[in-house]
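Written below as structure tokens is the structure these notes are about.
Order of the sequence lines fixes the chain letters, A, B, ..., with proteins taken first and strands second; residue numbering starts at 1 for each chain.
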Amino acid sequence: MAKPQFDFVMRRALVTGITGQDGSYLAELLLEKNYHVHGTIRPRADPAKSWIAHLLSNPTLHERMVLHQICLTDSESVKDLVAAAAPDEIYHLAGQSHVGLSYEIPQETCEFAVLSALRLLESLRSQCPGARFFSASSAAIFGRPTVAPQDEQTPIAPVNPYGCAKAFATHLVRAYRESYGLFACSGILYNHESPRRGPNFVTRKICRAAAAIKAGLQQELLLGDLEAKRDWGHARDFVKAMWLMLQQANPDDYVLATGVSHSVIDVLDAAFGSLGLEWRTYVRQDPALVRPREPVALLGNSRKARVILGWEPTVSFEEMIREMTFAEVERLGTGVSPE
Amino acid sequence: MAKRALITGITGQDGSYLAELLISKGYEVHGIVRRTSSQNTARLEQLCQSGNTPAGKLQLHYGDMSDSASLFRVIKDIGPDEVYNLAAQSQVHVSFENPEYTTDVTATGTVRLLEAIRLSGLRPRFYQASSSEMFGLAQESPQRETTPFHPRSPYACAKVHAYWATVNYREAYGFHASNGILFNHESPRRGEAFVTRKITMAVARILAGIQDKLCLGNLDACRDWGYAKEYVEAMWLMLQQEKPDDYVIATGETHSVREFLEVAFGYAGLDWQNHVVVDPNLCRPAEVGHLVGDASKAEKCLGWKPRIRFKELVRLMVDADVALIKSQQGRGQTAV
């Protein structure tokens with residue numbers, strides 16, 4: 001049987017961490033753009049209970065998706081995967097992304113970030129040197145910056161195990177780009193949230209608690225530093241920039257951020273406010289939740305991405321927190337949540 | 001009671017000089033060595049010879065930077081006052097061939113060691129061997145403690161990672177942990193794959209009539225070359241300070257490989273141009289910029305200053321290799 005003609009132009013993407021928040025939004029975007037999407041999942045993971053369940057249960061989309069169970073720190077499997085998927089684009093999003101957790105499991109955080117980046121870059125070099133590579137870096141590489149906002153020129157100076165691991169990967173991507181001429185880029189991502197954010201992140205924790213308190217299922221909420229400020233954007237906006245970075249003529253690193261800073265109190269106001277609640281009645285501060293070392297004034301300047309990629313965040317902070325809170329209310333009603 | 005020091009990478013150039021220095025200061029020195037089929041303790045020979053070191057002053061333990069349990073056990077058993085982390089896959093060129101191994105030992109190995117110390121509950125002072133390679137495509141010249149890093153090789157990326165891990169354990173857990181950002185430092189004990197030693201060994205062999213050609217990569221590469229024996233003093237000084245900090249250790253002079261050739265061959269009465277062959281395969285995929293360090297902070301805070309300068313360093317390395325080849329020939333050994 002003759003192959004349908006579009007097969008010849010259909011681009012192939014490989015997404016590591018496809019079941020996560022960013023991976024699932026990126027998979028949606030790529031499928032919408034008619035890509036063939038290969039994704040990696042951990043051995044024993046159940047994708048039917050993940051954020052891509054809705055894509056897998058859609059027969060038309062499912063046809064264009066292939067999932068690979070793989071340990072990304074195993075060099076042979078990574079090489080075989082890259083050879084088999086023969087991707088035009090690789091998006092490396094997999095990794096433990098919680099700063100607090102990186103103090104609990106520093107070796108695991110470090111080994112995974114370091115080895116997965118290395119093995120993918122080495123496989124890219126040997127199997128498909130023409131493919132384009134995106135690596136998810138983080139604002140955590142700037143640590144405790146002395147200037148705000150930060151941009152691509154800000155010195156890398158991480159202050160926690162997660163930031164150290166991400167800084168390594170960022171340097172490595174640049175070294176491989178400069179040494180071997182690979183089309184390899186890092187997106188230096190500031191915080192980006194959504195209803196699919198992991199439950200141990202403060203935004204999701206707050207939105208979830210607001211919904212549970214509203215439903216009478218929870219009485220109080222313990223939080224760390226309420227004054228902590230972050231530059232919070234919407235993950236759906238951020239994955240568009242990842243894709244745009246790989247459509248350029250030249251590979252480069254870009255800061256991706258909203259450029260607007262909000263405090264944990266702002267999240268509380270927006271989340272509890274959207275349900276007509278006063279957060280001060282329910283929130284207690286727990287010193288045990290304050291991190292050993294808190295980065296300050298993390299605020300990104302994504303001018304370069306705006307000018308060169310034509311990228312711009314479209315969802316406002318308030319809209320995002322409202323969406324996240326309403327999603328939690330819905331989940332409580334249906335009892336359905338992937339975690 | 002004598003102070004106890006633990007040195008990773010004790011069998012290397014710096015490790016052996018540091019062990020000698022610490023023993024001369026009355027320390028009990030412990031070293032971690034990898035088990036290999038070929039004995040690699042040649043640089044410790046002088047120390048190990050009976051009479052040179054009081055009994056029990058130098059003890060070697062099997063361990064590996066890729067094995068966290070071994071690091072934890074050694075630290076628990078010894079209870080060191082000072083830990084010097086010198087272990088690494090330290091050849092930049094090799095790191096392009098073996099990026100994973102380089103990273104595992106150099107970056108993750110440092111995280112393992114710091115974490116082993118943290119979990120041991122002990123709080124020895126910690127020295128991390130950082131490198132001028134971290135500056136790579138240097139953003140300013142000369143490079144100092146505040147110069148941003150732009151690593152250009154897997155080795156340099158791994159060293160930057162280890163640097164920040166050290167800073168992080170200092171800030172997050174209050175470790176007395178310091179980085180010495182050492183510019184190139186050479187000696188007769190430098191590994192023979194490094195360009196300086198490769199040149200001085202070639203000079204000695206050419207003089208002895210057992211070699212004619214010398215293959216080298218980029219002759220224009222410029223480095224700030226100091227004497228390793230002096231640099232280990234700076235390591236020790238850093239751990240004697242009240243507060244931990246990071247210091248650049250350098251001579252402040254930069255010289256090209258070509259200049260090194262001129263001095264080394266010229267000292268032996270030879271013309272390097274008759275012997276050197278440039279092999280593009282030996283050039284790095286990405287070369288670093290002109291590396292030259294500003295060690296004024298170390299001079300001000302540690303009272304450390306380099307004494308041996310470039311020409312003297314090259315000559316002492318040539319002298320040592322000429323003597324080495326002579327002794328090998330005297331013993332009827334074939335130089336390998």
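Of all the heavy atoms in B/His161 and A/Phe168, the pair that sits closest is ND1-CB, 3.4 Å. The minimum heavy-atom distance linking A/Cys110 with B/Val111 is given by the pair SG-CG2, 3.9 Å. The nearest pair of heavy atoms linking A/Glu111 to B/Thr108 is CG-CG2, 3.2 Å.
Within a 6.0 Å radius of CZ in A/Arg303, other residues, nucleotides and ligands contribute 12 heavy atoms or fewer. The environment of NE2 in B/His290 is sparse: at most 12 heavy-atom neighbours from other residues, nucleotides or ligands sit within 6.0 Å. Within 6.0 Å of CZ on A/Arg42 lie no more than 12 heavy atoms contributed by other residues, nucleotides or ligands. Annotation: B/Arg34, atom CZ; neighbour count of heavy atoms from other residues, nucleotides and ligands within 6.0 Å does not exceed 12.
At a heavy-atom cut-off of under 4.5 Å, chain A is reached by B/Pro148, B/Phe149, B/His150, B/Pro151 from residues 127-151 of chain B, listed in order of number.
Atom-to-atom distance recorded for A/Asn160:CG and B/Glu171:CD is 10.5 Å, nearest 0.5 angstrom.
Ranked by heavy-atom pairs under 4.5 Å with chain B, the list A/Ala167, A/Gly163, A/Ala175 is led by A/Ala175.
Residue A/Arg125 touches chain B through its side chain alone, counting heavy-atom pairs closer than 4.5 Å. The contact between A/Ala157 and chain B is made by backbone and side chain atoms together, counting heavy-atom distances below 4.5 Å. Of the atoms belonging to B/Arg284, not a single heavy atom falls under 4.5 Å from chain A. Within the 4.5 angstrom heavy-atom criterion, only side-chain atoms of B/Glu115, from C-beta onward, approach chain A. At a 4.5 Å heavy-atom cutoff, the contact between B/Tyr169 and chain A is made by side-chain atoms alone. Looking at B/Ala158, the atoms closer than 4.5 Å to chain A (heavy atoms on both sides) sit in the backbone and in the side chain alike. Contact annotation for B/Val167: neither backbone nor side-chain heavy atoms come within less than 4.5 Å of a heavy atom of chain A.
B/Arg152 is not listed as a side-chain neighbour of A/Arg174, based on a closest heavy-atom distance of 4.5 Å or more. Using a 4.5 Å heavy-atom cutoff, the side chains of A/Tyr176 and B/Pro99 are in contact. Contact check for A/Pro161 versus B/Trp164: no side-chain heavy atoms found under the 4.5 Å cut-off.
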